Amino acid sequence: MKLPKVYEPSLYEADIYALWEKSQAFLPRKTGKSYSVVVPPPNANGNLHLGHAITLGLQDIAVRYHRARGERALLLPGADHAGFETQAVYENFLAKEGKSRFDFTREELYSNIWDFVAQNRDNYQGQFRRLGASVDWSRHSFTLDEKIVKRAYATFRKMWDEGLIYRGERLVNYCTFHRTGFADIEVIYKEAKTPLYYMKYGPFTLATTRPETKFGDTAVAVHPDDERYQKYVGQVVEVEGVNGPFTVQVVADEMVDPNFGTGVVKITPAHSFDDWEVAQRHNLPAKRIINHDGTLNHLTGRFEGMTVLEARRAVVAALKEKDLLIKVDENYQNRMGHCYKCDTIIEPMLMEQWFVDMQPLAKPAIAALQAGKIAFYPESKKTQLITYLKNLRDWNISRQIAWGIPIPAYQNVDDTDDWIYNADDLTQEIIEKDGKTYRRDPDVFDTWFSSSSWPYATLNYPDDADYKDFYPLSLMETGFDILFPWVSRMLMLGLYVTNDAPFKAVYLHGLILDEHGQKMSKSKGNVVNPMDIIDEYGSDALRMGIITGMSAGNNQPFGVPKVISARNFANKLWNIARYIESVIPRAPQGEIIPRTDADHWILSRLDTTVTTIADCLDAYHFSEAYETLYHFVWDDFADWYLEAAKAEENLPLLALLLQSILKIAHPFAPFVTETIWQTLNWAPDTLLAITAWPEDLPEYDKKRVSSFTELKIIVTEIRAIAKAVGIQKMEASYAQSPLIADNQTLIKRLARLGALTEVTEGQGVQLTQTKEHVWLTIDYSAARHYTDTLAGEAASEKAAIERLEARLNNKNYTEHAPKAIVAESQAQLQAAQDHLQAIEQEIARFQTS
RNA sequence: GGGAUUGUAGCUCAGCUGGCUAGAGCGCUUGAUUCACAUUCAAGAGGUCCACGGUUCAAGUCCGUGCAGUCCCACCA
């Protein structure tokens, strides 16, 4: 036998993937309807986690299914340079060597990180393969590939020309550790207790959490309707400070909550988002007092050089000394922004950056969503996306890091307001144009700016055949956590650049939690590495285990028991093939026609299963599709059909059934099914991966399907009675039953009967679940347990009959409900009555004997 | 403050457009080792579908309210 007893995935998976690759199985067909998916690019420097496993798993199921349907299916792989993310990793690496990024020029740093990433590049590609992703490697893209960079520049240019890009001095979320600005969406807000200091401030007392910023104050604000302070509004007041007296203007602004603190707020426009807004409204100057490294500058006098926190302590001490500190509220809860990478408190910093005017981009996106142009799984995420887009503010796309795509803009050294677009030779730091000297913007794009064009940039927009063939994408599958940062931007830029929404459907999976529903994190030590799971249980088991009981948008705990169950299922497929191989050693021959009742029944079940799985996958109900497959293969085929077929074999049909099972199981368990296909080698030099979905299955006879259903009922009841009375190898008899007469061998085998004989009048216990006349030879004293069971069944049937009668006596029901439903109820009532009658007869027989 | 979402067996979850006598995996009980598989087979136990109200012939499924939880967004010093 070619197939060993237990399926050992690690012995086959690598070879099978290599075979697919060598055979170019994943190149799209030249013809057929297009089905295209682009993989959300993982960080080129990192390892894949379970989130990637689910994305690749779901996409691969969809793509393999559509490939089998004869479509021109493409799964395009790629990787992300992941600008700031990767640079942060590299900085940690440098720190271990006692170095910092500030020891290098931008060019050196870029080239070092390039090498650093290149070293790890095989990593994720190997992991794609281990996950069985049927990607077309010839179309692999990296976010720093020339075509992606050029696309980012072209988009920037278009926005520049159309006035959507502007350079502005604005408050920016700034991390003083990483020394770069962030988009709003990259900031993590956390609740924390921060002391609220009440201090004397000229004629006022005011409350602040940030006394150290008072050197940057240019005003003090009160609510316009606050009678306490009316007389000061519009005046300039003198304030005694720790560095001596200074003056500020008093302004009235709605922003102030008269009930908070003392109803007076000091205004520091350069270091607070609220204050900046106030300053804009009242035309107040902004005074920067914090350096990019997080220390205070020369405007703070003796506090210069201190970090913000050091300065806070020092200023508070100084205030105390000068008797300016009134009190401190230690219980104040405050929300503060943190760097999502290093947790440093985000410092609002006044900086010149490139911004994208978002509302002109958001509006078409909202319209497309509202018009229902994109299907969302789950649907509710669409509503959330619309809400997000409606409130979207301008996007800061400048990052002060080296690892990224340089912004193609140059500034006139003599006129800071004169910027020109130039993407021709960005290696030049200085260029001359029209007799003027320009210096390159040292910043790079936010990674999301370039990755937003991923769907069409990877397909070589605008002229390439790929773009024409595969855009828009059929499906975008990713985690719901990047709905806002990525999906929203792909949608907006896709519409802006190509005039077409970039995908037809968006499927969002939830977070993968640990077995106890806890978030996975390095600090908790509960992170599961998908590669470890593959090592232990196999790639197919990981894939099927992860989609078991999964639904779109909901978080899901990762459970090893589900993986084990899936591993067992893979083994089941293996052993089904092993058995069939033992009866069909070589390529099968002969006419495929159903002969037995079991043959007709299994063909009917296969027909339903193939259709159900297709419907589920068309609707992206992955979990339901898998469950349908699982129960068909295990319950129907292995437990019933194979056992029945042992009584009477139909080898050509058996072979067809195995082949059909391998085909429909392949998207869910690509490795084990292909391994079986190759090992059996019934169709030499073919790949299951590019073999067609089952079609044109043999016809079956519905009457004979019902016959087998009846046989199943009989067998099951005999087994149950045998169990209830604790007797094995019982003897049975039957009367006036062609069905049983024709299937004696089968029944004896499946019900494990010692004998089955035809009689005119039977003795012992009569079956109640079937209309066929069947008796089990048991003396009544041995069957006492069984009478209890019957009594219980009688009670539940009576209840069912009452319920059904009540329903059918209700005229509203019979008149309003669809006829088919009413007919069904009537049939159910009839069946219940028949069954009850049979049970009662049996009970009566026990009582009289 | 605004928005979304969850509450179904001991555990983790399915249940799409209302027809359910409510399912799965794991766990649990009982029995089976001869011929594909103990990563197995057979038979079972286990649920007022969070609560209350409404719509409907019919509600786990739709609507409202409440209770409990989760997430996202938002400028309170």
Side-chain angles (χ1 to χ4, degrees), chain A residues 1 3 5-7 184-185 189 196 206-210 221 255-257 260-268 272-278 332 334-335 348 378 380-381 383-384 387-388 391 480-481 483-484 510-511 513 515-517 537 541 545 548-551 553-562 564-583 615-616 619 621 623-624 627 630-631 638-639 642-643 646 716 719-724 726 728 752 796-797 799-800 803-804 807 810-818 820-822 824-825 828 832:
Chain A
M1 210 179 268
L3 300 170
K5 190 168 172 178
V6 168
Y7 173 59
D184 295 342
I185 202 162
Y189 286 90
L196 185 62
L206 58 74
T208 180
T209 53
R210 300 201 63 181
M255 170 272 249
V256 181
D257 175 0
F260 183 89
T262 58
V264 184
V265 184
K266 69 189 195 63
I267 300 300
T268 322
S272 155
F273 286 101
D274 295 337
D275 297 3
W276 173 254
E277 300 284 321
V278 175
Y332 178 60
N334 196 13
R335 268 165 57 84
S380 61
K381 295 289 171 195
T383 321
Q384 288 184 38
T387 311
Y388 171 76
N391 299 315
F480 73 73
D481 53 324
L483 173 63
F484 296 159
L511 220 57
L513 309 170
E515 284 182 271
H516 311 289
Y537 303 103
T548 304
M550 180 206 69
S551 59
N554 287 330
N555 290 347
Q556 43 176 345
F558 176 80
V560 172
K562 288 196 287 191
I564 291 176
S565 156
R567 187 268 319 256
N568 295 351
F569 180 61
N571 193 57
K572 194 75 190 175
L573 287 166
W574 184 258
N575 272 291
I576 284 168
R578 212 163 90 87
Y579 169 72
I580 294 175
E581 189 206 5
S582 74
V583 295
D615 289 349
C616 287
H621 294 160
S623 175
E624 210 182 331
E627 205 173 293
Y630 182 97
H631 291 290
D639 289 344
L642 275 188
E643 293 309 316
K646 285 173 186 172
T716 304
R719 286 168 175 170
I721 295 173
K723 185 79 201 310
Q728 290 163 37
R752 292 195 205 97
S796 76
E797 284 298 1
R803 207 170 35 240
L804 288 163
R807 189 182 298 170
N810 179 353
K811 270 197 183 147
N812 281 326
Y813 173 68
T814 47
E815 280 165 19
H816 289 95
I821 298 286
V822 176
E824 201 182 299
S825 296
Q828 283 172 353

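Letters A, B, ... mirror the listed sequences (proteins, then strands); counts begin at 1. Just so you know, these numbers come straight off a predicted model, no measurement behind them.
If you measure from atom CD of A/Glu643 to atom P of B/C37, you get 11 Å, rounded to the nearest angstrom. The nearest whole Å value for the distance from the CG atom in A/Asn391 to the C1' atom in B/G3 is 9 Å. In this entry the distance linking CZ of A/Arg719 with C1' of B/A43 reads 9 Å, nearest Å. Between the C1' atom of B/U5 and the CD atom of A/Gln384 lies a distance of 7 Å, rounded to the nearest Å. The nearest whole Å value for the distance from the NZ atom in A/Lys381 to the C1' atom in B/U6 is 11 Å. Distance A/Asn555 CG to B/U6 P: 12 Å, rounded to the nearest Å. Put simply, CZ on A/Arg335 is 8 Å from P on B/C75, counting in whole angstrom units. Between A/Leu573 atom CG and B/U40 atom P there is a gap of 13 Å when expressed in whole angstrom units.
Nearest-nucleotide mapping onto RNA chain B: of A/Ile576 and A/Asp257, the residue sitting toward the 5' end is A/Ile576. Mapped onto RNA chain B by nearest heavy atom, A/Thr716 and A/Lys266 fall at different nucleotides, with A/Thr716 at the one closer to the 5' end.
Pairing for B/G25 is with B/C11, a Watson-Crick or G-U wobble pair whose two hydrogen-bonding atom distances lie under 3.5 Å.
Side-chain atoms of A/Lys646 and base atoms of B/A36 include a donor and an acceptor less than 3.5 Å apart. One donor-acceptor pair, N or O on each side, does fall under 3.5 Å between the base of B/C37 and the side chain of A/Lys572.
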Contacts under 3.5 Å, N or O only, protein and nucleotides 15-24 of chain B:
residue: B/C16; atom: O2; partner: A/His621; partner atom: ND1; Å: 3.2
residue: B/U21; atom: OP2; partner: A/Arg807; partner atom: NH2; Å: 3.2
residue: B/U21; atom: O4'; partner: A/Arg803; partner atom: NH2; Å: 3.4

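At least one donor-acceptor pair under 3.5 Å links the side chain of A/Asn575 to the backbone N or O of A/Asn571.
In this structure, A/Asp275 reaches neither bases nor backbone, as no heavy-atom distance under 4.0 Å exists between it and the strands shown. Nucleic acid contact class of A/Val256 (heavy atoms, under 4.0 Å, all strands): base. The residue A/Tyr332 sits close only to the backbone: its heavy atoms come under 4.0 Å of sugar-phosphate atoms, none of a base.
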